[in-house]
Each structure stands twice: as C-alpha cells, then as structure tokens.
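Basis for what follows: all heavy atoms, side chains included, without hydrogens, waters or symmetry-related copies. Just so we're on the same page: letters track the sequence lines, and every chain starts at 1.
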There are 4 protein chains.
Amino acid sequence: MSERKKTIPSLVKDPKLIEKRREQIIEAAVDLFINKGFYKTTTREIARASGFSIGTLYEYIESKEDVLYLVCDAIHAEVENRLREAINFNGSGLKILKLALRSFFRVMDQMSDRVLLIYQEAKSLPKETLRYVLGREEAISGIFEEILRKGIADSSIHIDEKHVKLMADNIMVLGEMWVFRRWALHKHYSLDEFIEKQTALLLGEMSNEK
Amino acid sequence: MSERKKTIPSLVKDPKLIEKRREQIIEAAVDLFINKGFYKTTTREIARASGFSIGTLYEYIESKEDVLYLVCDAIHAEVENRLREAINFNGSGLKILKLALRSFFRVMDQMSDRVLLIYQEAKSLPKETLRYVLGREEAISGIFEEILRKGIADSSIHIDEKHVKLMADNIMVLGEMWVFRRWALHKHYSLDEFIEKQTALLLGEMSNEK
Amino acid sequence: MSERKKTIPSLVKDPKLIEKRREQIIEAAVDLFINKGFYKTTTREIARASGFSIGTLYEYIESKEDVLYLVCDAIHAEVENRLREAINFNGSGLKILKLALRSFFRVMDQMSDRVLLIYQEAKSLPKETLRYVLGREEAISGIFEEILRKGIADSSIHIDEKHVKLMADNIMVLGEMWVFRRWALHKHYSLDEFIEKQTALLLGEMSNEK
Amino acid sequence: MSERKKTIPSLVKDPKLIEKRREQIIEAAVDLFINKGFYKTTTREIARASGFSIGTLYEYIESKEDVLYLVCDAIHAEVENRLREAINFNGSGLKILKLALRSFFRVMDQMSDRVLLIYQEAKSLPKETLRYVLGREEAISGIFEEILRKGIADSSIHIDEKHVKLMADNIMVLGEMWVFRRWALHKHYSLDEFIEKQTALLLGEMSNEK
DNA sequence: GATGAATGAGTATTCATTCAT
DNA sequence: CATGAATGAATACTCATTCAT
C-alpha cells in the first residue's frame, strides 16, 4: 500500500553497529537541524555531535540527504508509535476518536520541534525519498481513517465513506497547526482549550444527531 | 498591531526605479525559487533572470535573503489583494463568510506554487524578517476575523468571541492544506468538492441553530 | 581533417582578459605539473602560482582537467610553431627532411620537460579531450608526411606512399625518445651524436640509391 | 650493473604465502589499473578484487605505490620471459635479430594493455623505485644489445660498438610505439606490415653490404 | 594471519558579496 | 547607475592507512 522502506547502503557490515551508529547520528542531527536548519548544518558538525569523525559518518550514510531521511523517518516513526500506544481501540468509534484526537494533539505538542523540522526540511529530500516520507505521513492519517470507519460501522459517527480521507487529513492538519502556527496560537490558547475546540469543530458535523 | 513594514536599503536614489527593479527581481526570483528552492538558487541566476548584472542586483538589495523577503511579501500582498477584491461585504456575516471561503480556497488553488513557496522557504528568513512576514499572514486571517465578528454581531454566526481567532486560523489552515497536502488531496477530491466539504465542516458548529 | 578546437567556457566576458589569464594559468600549471604531476598538483596551487585566488581561477576554467588541456594544447602549439619556423621548405625533399629532423630533435631537447609532461599526463584528460590532443600530435607528424611526399615527388626520397604515415610516426617517436628515454640515452650520447645517428637510421633505407 | 631488486617488507612471515597473496594482488591490480588508472583505483578496490580485506592487503604491502611497483615489475618480468623464451640463440646474429624483432613486436602486441600501463603509470612510482623499474627495462634492451654484439662478432651486422646501446633503444622504442601510438598506427597498418617495415628500417643500415 | 571499523587530512568546486571602472 | 571581475570562506565527500579484536 505505502512505499517500500528505503535502505541506505553502509560500508559497515555489522547490522547491530549500523543501527547503533545511525541512532547516534539521528540524535545528533535532530538537534542540529532544529536549531540551524538542514542547509546550515555541516556534515562535520553532524559527525562531531554524533561523537565520531567525518570519515566514520560516511561509513554509515552516503550523503547528507541520507541523514535528513534518517531523521524524518525516525520522527515519523516516533509520532506513529506514540499515537498507537496512546489509542485504546475499545468502545464506540466516536469515543475512540475523541480520545485519539486528544492523544494526537498532545503528541504534536510534545514533539513540536521535531514535527516542525519535518514540515520545514522534508522538501530538501530527493524526490524519490520524499515520496517515501510522505507515505509515512499517510500511515499516520491512516490510523484516523481506521477509527472513522469503525465509527461509521457502529453508527457512532455520521459521515460519508467518500469523505473519510478528507476528514482524516483535516484531523492531521488541525493537529499539526498547533505546531506550525504556534506563533499565532500559543499566545491566545492553552493546549487544552485548543484540543477542546478543535475536537468540537471536527465532531460538530459528524456526531450531531440529525 | 502588526509589525512595521520592513524597508530594504538601496544604493539607488530614484524610488520609481527601485520599485521597477524590485518588481523585476521578484518576478524572476519567484520562478526560480519555485523550481529550485531558495538555497539552490544563486544570486547570479536571480540577476540574470531579472535582466541585469549581479552588480546591479546588489544596488537594490543587500543580501540574498532580502530577495526572499521581497518575494514572500509580494506573494502575501497578492493573496490579500485577491481575497479583498473577491469579497463582497454586503449581506449577513454568514453569507459573506461562505463566499469568502469559496474565494479564499480558489485563490489558494490558483496560487498554489507561490503559497507553497512561502510555506517551504519562509523559515530561511532572518528571525526579525520572518516575524514581519508572519504578521502579513495575520493580516489575511484578520479578514476572516472581521467577517466572523460581523456574523456574531448580526447573529448569523454562533461562536464565542474568544474563539474567533482560532476559527480564523482554522480557516486559513483548512484552505492552505489544499496547497501543502496536495499530494494527498488532489487525487481524491476536486477543488469544488473540497470547497464544499471544508465549508460544511467550518460552518457545521457555528451556523447550526441550536 | 583533425578534430575541432575545444573551447572552454568562461564566466568572464572580455576575450582579451580570458586569453591573458589563461596564459598565466598555463605558465603556472606547466611548472607545477612538471614538478609534481597533474594529480598531486592542487587547484589552489595553480591559482596561487597564477597570481590570483581560487575563485578567480574558476572564472576561467570549469575543472582542473581544463587546465591540463590548456597546458597540453599550449605545448603542442609551441612544438608545432617552433618546428614550422625552423623548417625551410626550399630544396629537395631529402634536404628539407634532413634539416627538419635536426630542428625537430633540437626542439624535443629544448622542450624536454614539457614534452615529457604531455607524455605522462595526457592520459588523465577526459576521453573526448584526449582525442583532440592526439589530433594535435598528428598535425605535427603531418609536417613530416608533407616533407616525405615532397621528397617522393622530386625523387630525392625512395619510399612507398603507403608507408609515409608510418615513417612520419617513426620520426616522431625517434625524436620523442630523446625525451622519454633520457635516463637511458643522455649518459651515453650527446644530442648531436643522437641527431646524427637517428638521421642516418631514418634515411638509411630511403635515401639509398638502389 | 642494474639496480638491486626492491624488497617490500611484509608483516607476514611465510614466504610462500607472501608470494601467493602478492600474485593475487598483482592480478587484481593490473586489471584495475588498466581500466581506471592508478590514481583512480582505490586500495579498497584492490583488496576486494584480490579476494581479501583491506587489512589483509596491508599485511603484504606497505603503501599503494608498492602495488604499482609489484605490477610494473611483474609486467616487465613477463615481457622479458616471453622474449627470452621466443628467442633462439642459434644462427648468425643477424638471423637471431630478425627473429627476435618479430617476437618482440608480437609480445608488445599481445601485452599492449600491460605495456601501456607501465608507460602511463610508472611515473607515479617513488623516485627510487622508478629507478629500479627503469633498470628492468634496460634488462630487456640488454637482450638486444647482446644479439647485436653477437652479430658484430660474426660480421653479420655492421654497426659501430659505440652505437649498440642506441640501436637497442631504437628497437625498444620502435616496438613499443605499436602500443603507445596505437591510435595512430592500428587504423593504417596490420601488425605484420608493421613488423616488416620496422624490421626493414632497423636492418637497413646495418645489414647492407657496403 | 585476517578482519573491517575508525580516522582525518586533503580536495575540487561553489557562490554571496564587493568595488574599481 | 550599471557592470562584471575578483575574492576566499565554506563545504560535501574521499580514501590511504592504522590497529584493536
């Protein structure tokens, strides 16, 4: 359904070591990219912050863009994991949705910097890689599609099947905006107010008994 | 309320000429930035595409980032202008809002590339300049605040004054997503479907007679 | 007949200036390449020795290999010019040939280092460029073909038309060997002895009255 | 007379193993150097093509240049061996020479790539090593000196003792040119034509009854 | 003896910006 | 005002070599 996982070649053979080193790289690069942006971060800085030499860095990646991919992928994975962990799939679709929304908004809040990073830098990925990263994003909105469909099935949510996708996208965007419009929102609303109102907006139409 | 207009110093005295040259610069740079991104576009390319030499370019700007600012500002101005032109402030707030939404979504659609450009490159602006550009964005959401307040006043819209700002932001974001999530949306929905559903969502709660 | 002249693009517009700067580059690079070889010479060294910055160097060439091409071409041109200047086309073919050989061997001797440079580094040129450079070499052997044919025409030289090319190549090689086998030759023979014997060898068959 | 054989230190004790491994190295490196040149071939590639790890490679050599030396030396040895095998030292000097020339030209033809390799890359050897490799070359021309002297002794060859060395060098060069001027020669002459004409040229003076 | 992960000096090339003409 | 040649700091990436296991 979604794109295949991208595998970055490494000069190093030991898979355990590769994983360990790449974790170091990701951890170092996330901070750097958040603070300086992708373009203004140097491969040498990444190497140093990762705790090894520039030569070693290039034993585990092939290009600077690989680091960006690694970072984006790790962030997406974390968002997805946190979200899945937080969701309890018991109860009516509507009930699940309400709790999932709360969790999603909270994850967005907690991971602000990282989510913003993806928003701002993903475009620097090579086309092909970008496609994969966007696929990852759809995996997350897919969670909400699932919930919506469950709600439709158990009649707790009233919405046309045709618009499930759009609704899921709306959920994503109304959550992510807490991140990328924080300059406009944070001075006027607390996270809880935000969650409450966005939930109300989203459920407005679909949970109303007509 | 919003930030002061940023003035870019120029070595040239004649204001008419400055304006003319900067228009040339903007026109050239918009295309370049859309196609190659800000970082991968060189000042030489901007100068050439503008129709003059690199030396002349620097008579009208002080740094490459000035060009980005000029571009962002021009795009915002165009969005705002088009929107204002399209809005007819006669009728109930609700009616105005419906028409304004339609216009806004259409402007987003028509100016996709340019809006995306702002989304992706504005972060490269120096902090101070970025603040000003974001102020510009608030000017646009301000239009919707205005309309919402008019609707509240004439009782055609039911919404708490406290949430006017959030609602305006939601409008912005639900429109802009047509641009920055086009990869997810365009294959499933036509612009008109999109407009219809987003309008329904936004009006859902607020136009319902309780 | 021979390949077209390769033109190296330059960011600089003034052709006079391009020529002047490229002469500087060639002069600097010849010495460097002779002493360190092409690979071990740095572009920065070339720039410095040329009397300008690395940035300026790249205003006049596109790659390090361009410098090598410039150098090879200049050397070939000089060999050809010196040879043409030295040859007097009056008299019988045989007489012209004798004098031409003497001149050629002398040019080889005087330009030892430069000729050796071509021998050792030309292979580092991009394929296409190499082809052109080799064409240049044929232009020089072409001079001898011309002389040989003149001698055949006036019956002072006895040789089959079919072997003119090979004979011209032999001349080239028997001259160039003074350069690339100098370690074997210079300790045993003086230039004049060398000239005398090689001339005898070359003329042996063809000037003998049968 | 010629330089002592260069011995490359090895971390490994067993001489049999050293020889075996070095043969692997040579075989791998010859192909690599022919196709990519010495500079563009990496030690990793040599190790991989040799069938072992980079660490192991460095157990048998001390530097990349050692590999080049090994390769040049092996090629020279092969040329010399093939030539010696082909020469039958029975008969008059002149007769031996004629056959030796034929054999030499054929070896050059068969070993074109390898001979060219030496021509193009030997210069990258450290000075001291280069001297040794050139000594190897003199061993080959020494074979022809030997033959020439035999011919002088039995009066089948008429040449001044003083010029034996030059003549031997001429033989070498007129044979090697089949390799390093192949771009000029192969399209005009077959190997047999080449052999015939070069032989005629070389014997011209010296075999003529005066 | 063999391995391969780690190292970091080294390199070609780019590009925003300046300033003399 | 316009030009474009000059500048040089900055940068991604390579690769011969080492050495602990």
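- For the residue pair Ala29(B) and Val71(B), the shortest heavy atom distance occurs at CB-CG2, 3.7 Å.
- Protein atom CG of Asp66(B) is 16 Å distant from nucleotide atom C1' of dT18(E), rounded to whole Å.
- Nucleic acid contact class of Thr41(D) (heavy atoms, under 4.0 Å, all strands): sugar-phosphate only.
- For the pair Ile46(D) CD1 and dG4(E) C1', the computed distance is 17 Å after rounding to whole Å.
- Shown here for Ile18(B) and Lys13(B), the closest heavy-atom pair between the two residues is CD1-O, 4.2 Å.
- Ile25(A) has its CD1 atom 13 Å from the P atom of dC13(F), to the nearest Å.
- Across all strands shown, dG10(E) forms a Watson-Crick or G-U wobble pair, both distances under 3.5 Å, with dC13(F).
- Distances shown here put every side-chain N or O of Ser53(D) at or beyond 4.0 Å from the OP1 or OP2 atom of dA2(E).
- Tyr58(B) has no side-chain polar atom (N or O) that falls below the 4.0 Å cut-off from OP1 or OP2 of dG4(F).
- For dT13(E), its base sits under 3.5 Å from the side chain of Arg44(C) at one donor and acceptor pair at least.
- Here the nucleotide nearest the side chain of Ile54(D), chosen from dT13(E), dT18(F), dC13(F), is dT18(F).
- Evaluated for a salt bridge (charged side-chain N to carboxylate O under 4.0 Å, His left out) with Asp73(A), the options Arg136(A), Arg114(A), Lys6(A), Arg22(A) yield exactly one hit, Arg136(A).
- The distance from atom CD of Glu62(B) to atom C1' of dT17(E) is 12 Å, rounded to the nearest whole Å.
- Under the 6.0 Å cut-off for aromatic ring centres, Tyr132(C) and Tyr69(C) qualify, their centroids lying closer than that.
- Atom CD of Glu27(B) has 12 or fewer neighbouring heavy atoms from other residues, nucleotides or ligands inside a 6.0 Å radius.
- At a threshold of 4.0 angstrom between heavy atoms, the contacts of Thr42(D) are confined to the sugar-phosphate backbone, with no base atom among them.
- Separating the CG atom of Leu17(C) from the P atom of dG4(F) is a distance of 13 Å, rounded to the nearest angstrom.
- The side chain of Lys13(C) has dG4(F) as its nearest neighbour among dG4(F), dA2(E), dA16(E).
- Contacts of Leu11(B) with the nucleic acid, taken as non-hydrogen atoms under 4.0 Å apart, are absent.
- Distances shorter than 4.0 Å separate some side-chain N or O of Thr56(D) from OP1 or OP2 on dT3(E).
- Here the side chain of Lys64(C) is nearest to one of dA2(E), dT13(E), dA16(E), namely dT13(E).
- Sequence order on DNA chain E of the closest nucleotides to Asp14(A) and Gly55(B) puts Asp14(A) first from the 5' end.
- Put simply, Tyr39(C) has no side-chain N or O that comes within less than 4.0 Å of OP1 or OP2 on dT11(E).
- A distance-only check finds no donor-acceptor pair linking the side chain of Thr129(B) to the backbone of Leu125(B) [under 3.5 Å].
- Whole-Å rounding puts the Glu59(A) CD to dT7(E) C1' distance at 9 Å.
- For dA6(E), the OP1/OP2 oxygens have a side-chain nitrogen or oxygen of Tyr60(A) closer than 4.0 Å.
- The partner of dT18(E) is dA5(F), judged by Watson-Crick or G-U wobble contacts that both fall below 3.5 Å.
- Rounded to an integer number of Å, the gap from Phe38(B) CZ to dA16(E) C1' is 10 Å.
- Atom CG of Leu57(C) and atom P of dC15(E) are 16 Å apart (whole Å).
- OP1 or OP2 of dA6(F) sits under 4.0 Å from a side-chain N or O of Arg21(C).
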